[in-house]
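Residue numbering restarts at 1 for every chain, and letters A, B, ... go by the order of the sequence lines. Everything numeric in this text was worked out from a predicted model, so none of it was measured.
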There are 2 protein chains.
Amino acid sequence: MNIENTQSQMRKGIFEFCILSIIRRGEAYPSDIVEEMRNANLQIFEGTLYPLLTRLKNSEMLTYRWVESNSGPPRKYFSLTEKGETFYQELEQTWNELANGVNTLTKK
Amino acid sequence: MNIENTQSQMRKGIFEFCILSIIRRGEAYPSDIVEEMRNANLQIFEGTLYPLLTRLKNSEMLTYRWVESNSGPPRKYFSLTEKGETFYQELEQTWNELANGVNTLTKK
DNA sequence: TTTTAGTACTATGTATTGCAAAGTACTAAA
DNA sequence: TTTAGTACTTTGCAATACATAGTACTAAAA
């Protein structure tokens with residue numbers, strides 16, 4: 001039982017919300033997403049990100065298209081489906097309830 | 001991929017923090033803990049709570065004593081160790097960083 | 001006295017996902 | 001042709017929330 005493990009456990013379930021939020025604001029490819037998360041001091045690893053994007057795509061929350069890049073391999077740009085937008089709103093509510101609950105409990 | 005599962009995943013890692021916070025404020029037994037969490041709109045099941053308390057005890061974050069109850073079986077009252085207090089402070093920082101990161105990212 | 005009900009705690013199997021690591025593929029530069 | 005950087009894929013493992021089945025204690029009811 002150590003802090004790194006707990007950090008990892010705390011991240012579970014939260015990354016879906018973060019990723020959908022980023023893509024909701026505009027089409028993005030994985031490196032964009034990593035960058036935006038890093039800017040918010042959130043760390044996500046490729047081994048997490050790619051399977052998660054795949055799961056979201058398979059669940060019809062996201063669609064993607066291939067875009068040739070200037071100098072390098074093609075990139076997969078993701079965007080939100082209507083189903084994804086609905087799910088995002090549920091996630092937003094879920095997060096807010098959880099965060100409020102925790103803060104209520106721990107800040108007294 | 002549905003909201004209930006994501007809620008469950010979001011809870012991972014957070015309950016340690018909540019439980020230590022409750023016990024930090026004063027000695028408590030499991031039903032006390034369930035009650036305080038419910039008051040904060042956080043739901044924890046016995047299958048989660050008891051093993052978690054055991055893990056925290058085994059990691060020397062908590063100690064406990066048995067207390068006879070007025071009408072019913074004896075109760076296990078938990079309290080925080082010094083190691084638990086230190087760990088709590090790390091958890092508090094971890095939670096604040098995570099919550100700030102998520103809110104920064106999703107509220108823009 | 002025995003049985004029932006309520007309370008308290010224990011143990012275990014399952015599903016899910018973050019993490020780590022190994023790998024493939026594309027493009028441009030050396 | 002080889003190397004380096006970028007982009008994506010796959011898979012196995014560890015940890016924990018959840019569900020469930022069970023044991024144990026005490027008081028009240030039968």
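A distance-only check finds no donor-acceptor pair linking the side chain of Lys12(A) to the backbone of Gly13(B) [under 3.5 Å].
Toward the 5' end of DNA chain C, the nearer of the two residues Arg55(A) and Trp66(B), judged by each one's closest nucleotide, is Trp66(B).
Backbone-only contact: Ser31(A) has heavy atoms under 4.0 Å from sugar-phosphate atoms and none from a base. Nucleic acid contact class of Pro51(A) (heavy atoms, under 4.0 Å, all strands): base. Among the heavy atoms of the strands lying under 4.0 Å from Glu16(A) are primed sugar atoms or P, OP1, OP2 only; no base atom is included. Residue Gln7(A) is out of contact with every strand shown, counting any heavy-atom pair closer than 4.0 Å. As judged by a 4.0 angstrom heavy-atom cut-off over every strand, Thr48(B) is placed among the base-contacting residues.
Taking atom CG of Asn2(A) as the reference point, atom C1' of dT16(D) lies 14 Å away to the nearest angstrom. The interatomic distance linking Phe45(A) (CZ) with dC8(D) (P) rounds to 18 Å, in whole Å. Residue Leu56(A) contributes atom CG, which lies 14 Å from atom P of dT9(D) at whole-angstrom precision. In this structure, OH of Tyr64(A) is placed 17 Å from P of dA7(D), rounded to the nearest angstrom. One interatomic measurement links the two molecules: CG of Leu49(B) to P of dC18(D), which rounds to 11 Å at whole-angstrom precision. Atom pair Lys12(A):NZ and dA17(D):P shows a separation of 9 Å (rounding to whole Å applied). Ile44(A) places its CD1 atom 13 Å from the P atom of dC8(D), with the value rounded to the nearest Å. Rounding to whole angstrom units, CG of residue Leu52(A) and P of dT9(D) are separated by 13 Å.
Transitive grouping of hydrophobic side chains (ILVMFWY, heavy atoms separated by less than 4.5 Å) keeps Val67(A) and Leu80(A) in distinct clusters. Under the 4.5 Å side-chain heavy-atom criterion for Ile, Leu, Val, Met, Phe, Trp and Tyr, Phe45(A) and Tyr29(A) are members of distinct hydrophobic clusters. Linking ILVMFWY residues whenever their side-chain heavy atoms come closer than 4.5 Å, directly or via other members, leaves Tyr50(B) and Leu20(B) in distinct clusters. Following chains of ILVMFWY side-chain contacts shorter than 4.5 Å, one cannot reach Tyr77(B) starting from Met61(B), and the two form parts of different hydrophobic clusters.
In this structure, CD1 in Ile22(B) is found 12.5 Å from CZ in Phe78(B), a value given to the nearest 0.5 Å. How far CE of Met37(A) is from CD1 of Ile33(A): 9.0 Å, rounded to the nearest 0.5 Å. Between Ser31(A) atom OG and Glu36(A) atom CD the span is 12.0 Å, to the nearest 0.5 Å. Taking CE from Met10(B) and CH2 from Trp95(A), the interatomic distance works out to 7.0 Å, rounded to the nearest 0.5 Å.
If you check dA15(D), dC8(D), dA19(D) against the side chain of Gln9(A), the one that comes closest is dA15(D). Out of dC8(D), dT20(D), dA17(D), the shortest distance to the side chain of Arg11(B) is found at dA17(D).
Contact between the side-chain N/O atoms of Tyr50(A) and the OP1/OP2 oxygens of dT9(D) is not found at any separation under 4.0 Å.
Here chain B contacts DNA chain C (any atom closer than 4.0 Å to a heavy atom, that is under 4.0 Å), and the contacts span dG6(C) to dT17(C) from 5' to 3'.
Under the 4.0 Å criterion applied to side-chain N and carboxylate O atoms, Glu27(A) and Arg65(A) are assigned as salt-bridge partners.
Applying a 4.0 Å cut-off to non-hydrogen atoms, the residues of residues 68-79 of chain B that approach DNA chain C are Pro73(B), Pro74(B), Arg75(B), Lys76(B), listed by residue number.
Both distances falling under 3.5 Å, in either a Watson-Crick or a G-U wobble arrangement, place dA30(C) opposite dT1(D).
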